[in-house]
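Residues take their numbers from the sequence shown, with the count starting at 1. As the structure lists them, so they are numbered: ligands from 1, and atoms in each ligand from 1.
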Amino acid sequence: MVTAGPTYEAIDPVRFIGNRSSGKMGFALAESAARRGAQVTLVAGPVALETPRGVTRKNVESAREMAQAVLPLVEQNPPPDCIVMAAAVADHRPSEVSAHKRKKQDLGTSPTIALVENPDILRALGVAKQGIAPLLVGFAAETQDLDAYARRKLREKGCDVLIANNVAEAGSGFGSDTNRVTILVRRGDDIDVVPLPLMPKQEVAQHIWNQLLPLLPRPGS
Ligand code: CTP
């Protein structure tokens, strides 16, 4: 199972809080897995991308909708072999959604939007699985101190593998067709670090699956 794209958090019927994720990295991962013969469910935030061949797609809009689509999967029997959280999930949402368009003249000159925290889907999955299947893969989008933040996210969110990328670097991250990522694999108390050079997102996806494949349960086991 792969998640991809941004989430949109509604302010009113015409406005939302979003982010710059294009969904390309998650879609490339889903496509690459399907090409290798995996059964793939792609939970996609609002993106303008075609569904890769052979992939089952579920569209969602908000972080809460994404959580509702993803969290029950770990309870399934059997659960997915692997969950890759490539989506850029919004950490917060407006505490109230107006039923009607907020009108400029009603808002004054310095309007504010109160926010509340969204569920952290990856962290909840990390708690739910407690060291057993599925293999849990997170992403870390950072603009500074990539290595330190990525190591912290790997441990704190309970994932097995973390894909770190500096979204502020030229040719890397949101919107771009290329990406430069570092793959962190947890091995007991140690972390293996695999830095990759800048390359097209389809090739990054291949490298990621090459790293993940030996960690996945073997068919029939
Ligand atoms: N994630 C999630 N649910 C959230 C926020 C993030 O599942 N509410 C997941 C993302 O899909 C990604 C990982 O957590 O796999 C890290 O996301 P990122 O935005 O880099 O980190 P945050 O947890 O949001 O932390 P910060 O904003 O402080 O960097």
Side-chain angles (χ1 to χ4, degrees), residues 1-10 16-30 33 40-47 58-74 79-80 82-95 115-129 134-169 172-176 179-186 191 201 204-205 208-209 211-212 215:
M1 203 234 35
V2 179
T3 68
T7 63
Y8 284 2
E9 308 298 326
F16 60 86
I17 297 173
N19 62 66
R20 297 184 192 280
S21 169
S22 63
K24 287 177 186 170
M25 192 64 246
F27 273 60
L29 282 161
V40 185
T41 300
L42 174 62
V43 179
V47 292
K58 182 165 177 32
N59 288 327
V60 298
E61 187 167 287
S62 66
R64 284 191 297 177
E65 280 176 24
M66 189 169 279
Q68 277 168 14
V70 170
L71 293 177
L73 287 178
V74 275
C82 181
I83 299 181
V84 183
M85 286 292 302
V89 186
D91 292 324
H92 297 92
R93 67 178 182 276
S95 57
L115 301 176
V116 291
E117 209 169 329
N118 271 330
D120 189 323
I121 305 167
L122 183 59
R123 193 182 291 260
L125 289 169
V127 170
K129 84 175 202 100
L135 186 75
L136 191 56
V137 183
F139 268 69
E142 308 291 350
T143 59
Q144 57 180 354
D145 297 334
L146 183 70
D147 189 66
Y149 283 137
R151 282 169 184 273
R152 196 201 293 173
K153 271 180 197 167
L154 180 68
R155 292 189 193 285
E156 286 186 355
K157 299 213 183 195
C159 28
D160 303 298
V161 177
L162 193 104
I163 316 296
N165 79 303
N166 184 339
V167 291
E169 194 179 286
S172 194
F174 291 168
S176 161
N179 210 0
R180 193 171 74 80
V181 307
T182 299
I183 304 173
L184 288 81
V185 182
R186 197 211 290 249
I191 295 174
K201 283 181 174 171
V204 176
I208 291 173
W209 285 120
Q211 290 291 326
L212 298 181
L215 306 174

Could you state the interatomic distance from CD (Glu61) to OG1 (Thr7), rounded to the nearest 0.5 Å? 9.0 Å
Any N or O of Pro119 that comes nearer than 3.5 Å to an N or O of ligand 1? yes
For atom 7 (O) of ligand 1, what's the nearest protein heavy atom and its distance? Leu122 N, 2.8 Å
Ligand 1 to Ile121, heavy atom cutoff 4.0 Å, flagged ligand atoms 2 (C), 3 (N), 7 (O)
In Å and rounded to the nearest 0.5 Å, what is the CD1 to CZ distance from Ile17 to Arg93? 11.0 Å
Which ligand 1 atoms does Ala140 reach within 4.0 Å, using its non-hydrogen atoms? 20 (O)
Separation of Glu9 CD from Asn118 CG (nearest 0.5 Å): 4.5 Å
Rounded distance [0.5 Å steps], CE in Met85 versus NZ in Lys157: 8.0 Å
Is there side-chain contact between Tyr149 and Gln144, with at least one heavy-atom pair below 4.5 Å? yes
Looking only at protein heavy atoms, which one is nearest to atom 12 (C) of ligand 1, and how far off is it? Phe139 O, 3.1 Å
Spatial distance of atom CZ (Arg186) from atom CZ (Arg155) [nearest 0.5 Å]: 6.5 Å
What atoms of ligand 1 come within less than 4.0 Å of a heavy atom belonging to Ala87? 10 (C), 11 (O)
Under-4.0 Å protein heavy-atom contact, atom 19 (O) of ligand 1: no
Worked check of side chain to side chain contact (heavy atoms under 4.5 Å, CB included) between Thr3 and Ile121: CA-CA 11 Å; Thr3 68; Ile121 305 167; over 6 Å; no
Going by the closest heavy atom to atom 14 (O) of ligand 1, which one wins out of Lys157, Met85, Lys153? Lys157
So CD1 of Ile191 and CG of Leu154: to nearest 0.5 Å the spacing works out to 4.5 Å
Distance to 0.1 Å, residue and atom name: give those for the protein heavy atom nearest to atom 5 (C) of ligand 1. Asp91 OD1, 3.3 Å
Short check: is a protein heavy atom less than 4.0 Å from atom 28 (O) of ligand 1? no
Of Thr3, Val89, Leu154, the one whose closest heavy atom lies nearest atom 4 (C) of ligand 1 is Val89
Under a 4.0 angstrom heavy-atom cut-off, which atoms of ligand 1 come close to Gly138? 15 (O)
